Amino acid sequence: MPIPDWMRLPRANAPQERDATLWERCPKCSEMLYRKDLEQHLWVCSRCGHHFRMHASDRVHMLLDGEFQEIAAQVAPSDPLHWTDKRTYPAKIAADRIKSGLTEAIVVGTGTLAGQRLALGIMDFSFRGGTMGSVVGERLVRLFEHALHHHFPVVLFTASGGARMEEGMLALMQMAKSSAAVKRFTDAGNFYAVVLTDPTTGGVSASFAFQADVIIAESKASIGFAGRRVIEQTIRQRLPENFQTAEFLLEKGQIDMVVSRHELRDTLARLLGYVAPATVPA
Amino acid sequence: MNVIVEREKGLLELEARIAELRSVAAAQSVDLHSEIGVLEAKATQVAQEMFGAMTPWERVHMARHPRRPLGSDYLLALDAFDELHGDRHFGDDAALVGGLARLAGRNVVVLAQVKGRDTKQNIARNFGMPAPHGYRKAKRLMELASRLGLPLVTLIDTPGADPGIASEEHNQSEAIAACLTTLAGVKVPVVATVIGEGGSGGALALGLADYVIMLEHSVYSVASPEGCAAILWGDAAKADEAAARLRLTSDDLKKFGIIDEIVPEPLGGAHRDSTQTVADVLAAIGGALDTLAAHSPQELLDARYAKYRKMGAFLDTGLPTVGAR
């Protein structure tokens, strides 16, 4: 079966250093890690357990049994504000498409995880910092509407710096748009789980990320509403090291569980199993 | 420093001079008609030049003007208002006030973000930045409105949701996210009005509505111009440029279909005639409620979903050619 184009792209278009080098240095413990091992270990440092940020296509491979049927792939960004700062918005989009191998900051579609059908959306920080603009909102809503129609559970992986400034208020409105879609979907008795990955902040954390029935966070992921720098500037003091980590949120009762990437697929499989339509024993 | 406050000083002096001449004319029965007329013409001309066409950045300052009518001024102008306090769990947030009210002949639930008029009030009201327990109180009252069949009226005026340590510990994200799903599902008409600053997600938490009104010189933005400039230009001093780029004015947002109606302000801004401005806004809200009252709960829900479903600007025909313009 054909692999969608975007899944092949990252390998063809990945930045030079990522392809050229055989080694990656762990940013946490400085261990030199053999790239092939790192890939096999789901981009988790074998020495200290640091979770590297993971490409959306790697996550799809990690989670699904087989094929991923992407939807709304043709939904692409436009430039409604004719935005320019140091660069134009279209120039930034073009550069990020090459850098990330993705067409936007989220991919959505359907597939099977441990034999169970689901609608899956994965955000990727390497495209515009995972920011939510019109395309992220539209792809999300199409995913939720598709899942509602087919009674699939929805699992979303979040990674985002918040709303995308280059789309102005149209970006902020995606919080409202996605929330409305979540509300319709969950009110109809469907199951929605989120996996918060590093980092999840701003307009994404303050909308669909925290509207899920079950909220999981990847180990050590940074999660919060306001950015760390904003808070430090506001209170004029340094924040504790563990502030806004997955573990901190668990302690404060904000999320259901912290899960290591190695356990993620099995955890999701069990969760989907609990909420699967009841089968009558033979 | 507020650029509007600086700029209007000369105008205020001119107006004080006119008032002085008037009282002299009245007290001493001298005819200063022509002098007063000249000064009045001058004042009108100056006001027209200063406020006839303002830049987006000037309008940000107008929205933050220290004498601009605040949420509390609107609450005082309601036909009746009884404040309902607290989120039932943690505390009562003075930056987000709510209660039962009478407006334009209807019983409603009102939610208003309230800044302070001076430093003391601003500290008490946290500069209009609601904390999680403020949004949870709002959610409680939204649900009350829905259950009792009372239309929901929200007044938006905040620099943004509170970004402090305690707010993170109490899950500001969830508090805002829950307001959004709640508003998406309330079975009553929702009318939101931006009366001053519509600061990002903290404003939107009260802004998912069937009908959205903006006071002419209020602003509504995905990020503060200062914050946007710091992030994208690495220079907060570029805030004026960011304000222009962000398209945060009422006329731009009406063009984008993000808001439905603009209530005009007096020349020189709402604070030049607060009583009239507040009355105009309440009348516009009343008009919107009249229109929405004709619809059944299901019609409202369907129309609300459709309204937000189509928000956004994107291409649906595949990718544009890669390459800078």
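Just so it is clear: chains get the letters A, B, ... in the order the sequence lines come, proteins before strands, and each one is counted from 1. Bear in mind that the values here come from a model prediction, so they are computed numbers and not experimental data.
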Seminar exercise, completed: Here the gap from A/Glu104 atom CD to B/Phe314 atom CZ, rounded to the nearest 0.5 Å, amounts to 11.5 Å
Seminar exercise, completed: Looking only at A/Gly203, A/Ala171, A/Gly168, A/Gly253, the option with the highest number of non-hydrogen pairs under 4.5 Å against chain B is A/Gly168
Problem set entry | Members of residues 207-223 of chain A whose heavy atoms come closer than 4.5 Å to chain B | A/Ser207, A/Phe210, A/Gln211
Exercise. Roughly how far, to the nearest 0.5 Å, is the CG atom of A/Leu170 from the CD1 atom of B/Ile258?
Worked result: 4.0 Å
Exercise. Just how far is it from atom CZ of A/Phe185 to atom OG1 of B/Thr181, taken to the nearest 0.5 Å?
Worked result: 14.5 Å
For this session: Please state whether the side chain, the backbone, both or neither of B/Ile165 comes within less than 4.5 Å of a heavy atom of chain A.
Result: both
Problem set entry | Interface residue of largest heavy-atom contact number with chain B, from A/Met173, A/Lys252, A/Glu138, A/Arg87, under 4.5 Å | A/Glu138
Seminar exercise, completed: Assert top hit (heavy-atom pairs under 4.5 Å, partner chain B, pool A/Glu145, A/Glu167, A/Lys86, A/Lys92) equals A/Glu145
Exercise. Given A/Met169 and B/Leu248, is the side-chain contact (heavy atoms from CB on, under 4.5 Å) satisfied, shown in steps?
Worked result: CA-CA 7 Å; A/Met169 281 297 289; B/Leu248 42 67; 5.7 Å; no
Problem set entry | Worked check of side-chain contact (heavy atoms from CB on, under 4.5 Å) between B/Asp316 and A/Gln74 | CA-CA 6 Å; B/Asp316 200 3; A/Gln74 81 286 1; 2.9 Å; yes
Exercise. Listed by residue number, which members of residues 302-311 of chain B have a heavy atom under 4.5 Å from any heavy atom of chain A?
Worked result: B/Asp302, B/Tyr305, B/Tyr308, B/Arg309, B/Met311
Exercise. How far does OG of A/Ser179 sit from CG of B/Leu183, to the nearest 0.5 angstrom?
Worked result: 9.5 Å
For this session: Please list, in residue-number order, every residue in residues 206-213 of chain B that has a heavy atom less than 4.5 Å from any heavy atom of chain A; write 'none' if there are none.
Result: B/Leu208
For this session: Indicate the atoms forming the closest heavy-atom contact of B/Leu246 with A/Met165, along with that distance.
Result: CD2-O, 4.0 Å
For this session: Please report the closest heavy-atom contact between B/Ile176 and A/Ala206, naming both atoms and the distance.
Result: CG2-O, 3.7 Å
Exercise. What distance separates A/Met175 CE from B/Ser200 OG, expressed to the nearest 0.5 Å?
Worked result: 7.0 Å
Problem set entry | Nearest non-hydrogen partners of A/Lys183 and B/Gly185, listed with the distance | CE-CA, 3.7 Å
For this session: Identify the heavy atoms of B/Glu168 and A/Ala226 that sit nearest to each other, and give their distance.
Result: OE2-N, 2.8 Å
Exercise. What part of A/Ala72 is in contact with chain B, defined as an atom under 4.5 angstrom from a non-hydrogen atom: side chain, backbone, both or neither?
Worked result: neither
Problem set entry | chain B contact via A/Arg184 - side chain, backbone, both or neither, heavy atoms under 4.5 Å | side chain
Problem set entry | Side chain / backbone / both / neither for B/Leu253 at chain A, heavy atoms under 4.5 Å | side chain
Exercise. Looking at B/Ala175, B/Ala242, B/Ser221, which has the largest count of heavy-atom pairs under 4.5 Å with chain A?
Worked result: B/Ser221
For this session: Counting only heavy atoms closer than 4.5 Å, note whether B/Ala229 contacts chain A via side chain, backbone, both or neither.
Result: neither
Exercise. Chain A contacts: which residues in residues 129-140 of chain B have a non-hydrogen atom closer than 4.5 Å to it?
Worked result: none
Problem set entry | Pairwise side-chain contact, A/Asp85 with B/Glu241, heavy-atom cut-off 4.5 Å (strictly under) | no
Exercise. Do A/Thr84 and B/Arg245 have side chains that get closer than 4.5 Å, going by heavy atoms?
Worked result: yes
Problem set entry | Atom NE2 of A/His150: over 12 foreign heavy atoms under 6.0 Å | yes
For this session: Could you tell me which portion of A/Gln244 (side chain, backbone, both or neither) has an atom closer than 4.5 angstrom to a non-hydrogen atom of chain B?
Result: side chain
For this session: Report the C-alpha distance between B/Val222 and A/Arg164 in whole Å, list the side-chain angles of each, state the deciding distance to 0.1 Å, and finish with yes or no for side-chain contact (heavy atoms from CB on, under 4.5 Å).
Result: CA-CA 8 Å; B/Val222 66; A/Arg164 189 174 298 171; over 6 Å; no
Problem set entry | Segment of A/Glu232 engaging chain B (4.5 angstrom heavy-atom cut-off) | neither
Exercise. Taking A/Ser134 for the side chain and B/Ala313 for the main chain, is one N or O donor matched with an acceptor at less than 3.5 Å?
Worked result: yes
For this session: May I ask you to check whether A/Gln254 and B/Glu174 show a side-chain donor-acceptor distance below 3.5 Å?
Result: no
Problem set entry | Residue part contacting chain B, namely of A/Ile235, when any heavy atom lies under 4.5 Å | side chain
Seminar exercise, completed: Rounding to 0.5 Å, atoms CZ (A/Arg229) and CD1 (B/Ile231) come to a distance of 7.0 Å
Exercise. Is it the side chain or the backbone of A/Glu251 that comes within 4.5 Å of chain B heavy atoms, both, or neither?
Worked result: neither
